[in-house]
Amino acid sequence: MDDAVTTHQAEEDARNDNILIWVNGVLKPRGAAMVSVYDSGFMLGDGVWEGLRLYNGRWAFLDEHLDRLFDAAKAIDLDIGLDRPGLRAALEETRAANGMHGDAHARLMVTRGVKQRPFQHPALSVSGPTVVIIMEHSRPSLPRPIRLATVPHLRGLPMTQDPKLNSHSKLNCILACIAAEKAGADEALMLDVHGFVNTTNACNFFIVRKGEVWTSTGDYCMNGITRQKVINLCRANDIPVFERNYSLLETYGAQEAFLTGTFGAQTPVGEIDGRQIGDGRMGAMTQRIRALYADLVARDG
C-alpha cells in the first residue's frame, strides 16, 4: 500500500538522531548503544519490557507499568537487578539527559543478560541482567484511521506462551502483522483459540455497538494498562462497557472501532477486512473516551 500507516507512526524528529540511551547504568549516544551478540534478548528473545509515555514531565501510570514489569520478571524467574526506585532514577536520568518534558516514549527492556555459550538454558546467562532504556521524542501522527485484516495467527493459551506476558519474544505477533500487510491492511486483528475477536498484533481492540463499548474477555490478550483505563473510565462515566466474547459478524456491524495502547492512547479503526466501520472516521464515542482519557492523564500523579 502506498498510504500504509502503523499504529506507532510518529512525526519525524531530528532530535532522535542524537538521543542518549541508558545501557546498564551508562548513557550512550545512539550509535554506541549496543549489547553483546551473546545477550539473551538478542539470541533468544529472553526478556521483558514496558512502553512508557511522558506527559508534562511525568510518566503516565508509572506504578502500574512497574508492577507489570516486576510481575513479568518474576514469572520468568529473572532478577532485574534494580528495585523500583532504581528504575525510576534510571528513567529520570535518561529523561533529563535528553531534555524531554512531553511527547516522548520510552522502551524499558530487561533481558537475562550475556550468555557463556549460544544455547537456551538460563544457567548459561552468568553476567546478570541487561537493562536498556530507549527514549525518543515521539508525537503520534496518524493521517487516517487504521485498517485491520483478520489473520490466522492466534493469541494462544497460557501453557504455550501466556499472551499476558510482555516478553521480547514477539514473533507470533510479527507474523500476524506481516500477514495483515500482505492483505493490504495496517495491522492484524487476531482471534482467540475459540474463534472470538481478541486483540491486534500490537494493541488492544474495542468496538462500539448501539452505545455500548465491547472488548474481549481479556483471557487471551495482553491486559493493557490503557485498556483497563478505558474500561474504568466507561464505568465511571455511565458508558455501558462489556468484556465479553463476540464474533467477526458483530465486529463488522459495529458503529465504531478503536485500539488502545500506551503510544497512541485511543486509535480509530476505519476498516476491517475490507468492510468500512461506521462512516470510516473516528466516531463520537471514541472521541468522548479520548477526551476522558486525556483528562485522566492530566490528573495522574
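The structure presented is a predicted model; accordingly, all values stated were derived computationally and were not measured. This chain uses plain numbering: 1 for the first residue, then up along the sequence.
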Fill in: Neighbour count >12 (heavy atoms, 6.0 Å) for atom CG, Asp279
yes
Item to complete: Could you tell me whether Glu12 atom CD has more than 12 heavy atoms of other residues or ligands within 6.0 Å of it?
Response: no
Discussion item. Less than 4.0 angstrom from a charged side-chain N to a carboxylate O is my criterion; do Asp71 and Lys164 meet it?
Written reply: no
Discussion item. Just verifying a value: how many Å separate Met285 CE and Cys234 SG, rounded to the nearest 0.5 Å?
Written reply: 7.0 Å
Worksheet item: In terms of side-chain geometry, is the basic nitrogen of Asp46 or Lys115 positioned less than 4.0 Å from the acidic oxygen of its partner?
Response: no
Item to complete: For the pair Arg209 and Glu250, find out whether any cationic side-chain nitrogen is under 4.0 Å from an anionic carboxylate oxygen.
Response: no
Worksheet item: Salt-bridged, Arg155 to Asp162, with N to O below 4.0 Å?
Response: no
Worksheet entry | Co-membership, hydrophobic cluster, residues Ile134 and Leu82, 4.5 Å side-chain | yes
Worksheet entry | Arg107/Ile133 under side chain to side chain contact (heavy atoms under 4.5 Å, CB included): CA gap, chis, key distance, verdict | CA-CA 6 Å; Arg107 192 173 183 97; Ile133 302 172; over 6 Å; no
Worksheet item: Could you give the distance from CE (Met222) to OG1 (Thr200), rounded to the nearest 0.5 Å?
Response: 12.0 Å
Worksheet item: Do Leu78 and Val114 share a hydrophobic cluster, counting only Ile, Leu, Val, Met, Phe, Trp and Tyr and linking them when any side-chain heavy atoms are less than 4.5 Å apart?
Response: no
Fill in: Minimal non-hydrogen separation, Pro145 against Gly270, with atom names
CB-N, 3.4 Å
Item to complete: Examine Tyr38 and Val132 and state if one hydrophobic cluster contains both, with Ile, Leu, Val, Met, Phe, Trp and Tyr joined whenever side-chain heavy atoms are less than 4.5 Å apart.
Response: no
Worksheet entry | Gap between atom CG of Asp13 and atom OG of Ser141 - 0.5 Å precision | 11.5 Å
Item to complete: Kindly say whether Met282 contributes a backbone atom to a donor-acceptor pair with the side chain of Thr286 at under 3.5 angstrom?
Response: no
Worksheet item: Around atom CZ of Phe42, are there more than 12 heavy atoms of other residues, nucleotides or ligands at under 6.0 Å?
Response: no
Fill in: Enclosure of Arg244 CZ (heavy-atom neighbours >12, cutoff 6.0 Å)
yes
Worksheet item: Under a 4.5 Å side-chain heavy-atom rule over Ile, Leu, Val, Met, Phe, Trp and Tyr, are Phe263 and Leu148 clustered together?
Response: no
Fill in: Rounded distance (nearest 0.5 Å) linking atom CG of Leu91 with atom CH2 of Trp59
6.0 Å
Worksheet entry | hydrophobic_cluster_shared for Phe205 and Phe242, side chain cutoff 4.5 Å | yes
Fill in: Asn204 side chain vs Thr260 backbone, donor-acceptor pair below 3.5 Å
no
Worksheet item: Arg290 side chain to Gln266 main-chain N or O, any donor-acceptor pair under 3.5 Å?
Response: yes
Discussion item. For Arg235, is there an ion pair with Glu243 - N to carboxylate O distance below 4.0 angstrom?
Written reply: yes
Worksheet, complete the sentence: Note: Asn198 and Asp192 closest approach over all heavy atoms is CB-N, 3.7 Å
Fill in: Atom pair CG (Asn18) and NE2 (His137), whose distance is rounded to the nearest 0.5 Å
9.0 Å
Worksheet, complete the sentence: Smallest heavy-atom separation, Asn98 atom then Met135 atom, equals ND2-CB, 4.5 Å
Worksheet item: Is it true that a side-chain atom of Arg275 and a backbone atom of Tyr252 form a donor plus acceptor pair closer than 3.5 Å?
Response: no
Practice prompt. Please step through side chain to side chain donor-acceptor pair (under 3.5 Å) for the pair Gln161 and Ser167, ending with a clear verdict.
Written response: CA-CA 9 Å; Gln161 180 172 310; Ser167 80; 3.2 Å; yes
Worksheet entry | Side-chain touch Met43/Val37, heavy atoms, less than 4.5 angstrom | no
Discussion item. Would Thr7 and Glu187 count as a side chain to side chain donor-acceptor pair (under 3.5 Å) here? Give the steps.
Written reply: CA-CA 8 Å; Thr7 51; Glu187 188 156 317; 2.8 Å; yes
Worksheet item: So, the side chain of Arg112 versus the backbone of Asp77: is there a donor-acceptor pair under 3.5 Å, distance only?
Response: yes
Fill in: N-O pairing of Lys229 and Glu64 below 4.0 Å
yes
Worksheet item: Are Val5 and Pro143 close enough that some pair of their side-chain heavy atoms sits under 4.5 Å apart?
Response: yes
Practice prompt. Take Leu108 and Val131 through the test side chain to side chain contact (heavy atoms under 4.5 Å, CB included) and record every step on the way to the result.
Written response: CA-CA 7 Å; Leu108 169 58; Val131 183; 4.1 Å; yes
Worksheet entry | Main-chain N/O of Ile225 paired with Gln228 side-chain donor or acceptor, under 3.5 Å | no
Worksheet entry | Distance-minimising heavy-atom pair for Cys177 and Ala188 | N-CB, 4.1 Å
Worksheet item: What pair of heavy atoms forms the shortest contact from Asn223 to Gly218, and how long is it?
Response: ND2-O, 2.9 Å
Fill in: Phe119 and His121, any side-chain heavy atoms less than 4.5 Å apart
no
Discussion item. I'd like to know if Arg147 pairs up with Asp3 as an ion pair, taking the criterion as any Lys NZ or Arg NE/NH1/NH2 lying under 4.0 Å from an Asp or Glu carboxylate oxygen.
Written reply: yes
Discussion item. Minimum heavy-atom separation for Cys221 and Thr199, please, with both atom names.
Written reply: CB-CB, 3.8 Å
Worksheet item: If you round to the nearest 0.5 Å, how far is CG of Asp103 from CG of Asn56?
Response: 9.0 Å
Practice prompt. In sequence, state the C-alpha distance, the side-chain angles, and the governing distance for Lys74 and Asp79, and then conclude on salt bridge (Lys or Arg N to Asp or Glu O under 4.0 Å).
Written response: CA-CA 7 Å; Lys74 186 174 184 178; Asp79 181 0; over 6 Å; no
Worksheet entry | Under 3.5 Å: donor-acceptor pair, side chain of Glu271, backbone of Ile277 | no
Worksheet item: So, does Asp186 use its side chain to make a donor-acceptor pair with the main chain of Ile146 at under 3.5 Å?
Response: no
Worksheet item: Using the ring of each side chain (for Trp, its six-membered ring), is His194 parallel, tilted or perpendicular to Tyr220, with breaks at 30° and 60°?
Response: perpendicular
Worksheet item: With a 4.5 Å limit on heavy-atom distance, are the side chains of Leu233 and Tyr293 in contact?
Response: yes
Worksheet item: Is Asp83 salt-bridged to Arg88, cutoff N-O under 4.0 Å?
Response: no
Worksheet entry | Heavy-atom side-chain contact between Val151 and Leu189 under 4.5 Å | no
Fill in: Evaluation steps, side chain to side chain contact (heavy atoms under 4.5 Å, CB included), between Val208 and Glu212
CA-CA 5 Å; Val208 180; Glu212 298 177 347; over 6 Å; no
Worksheet entry | Worked verdict on His65 versus Glu50 for side chain to side chain donor-acceptor pair (under 3.5 Å) | CA-CA 7 Å; His65 281 284; Glu50 283 293 317; 2.7 Å; yes
Practice prompt. Output yes when a side-chain donor or acceptor of His105 lies under 3.5 Å from a complementary backbone atom of Leu52, and no otherwise.
Written response: yes
Fill in: Residues Ser125 and Ser40: side-chain donor-acceptor under 3.5 angstrom
yes
Discussion item. Side chains of Val23 and Ile21, heavy atoms from C-beta outward: is any pair under 4.5 Å?
Written reply: yes
Fill in: Whether over 12 other heavy atoms sit under 6.0 Å from Arg281 CZ
no
Fill in: Donor-acceptor contact below 3.5 Å, side chain Thr160 vs main chain Gly156
no
Discussion item. Just checking Tyr246: does its OH atom have more than 12 heavy atoms from other residues, nucleotides or ligands closer to it than 6.0 angstrom?
Written reply: yes
Worksheet item: Taking the side chain as C-beta and beyond, is there a heavy-atom pair between Asn201 and Lys170 under 4.5 Å?
Response: no
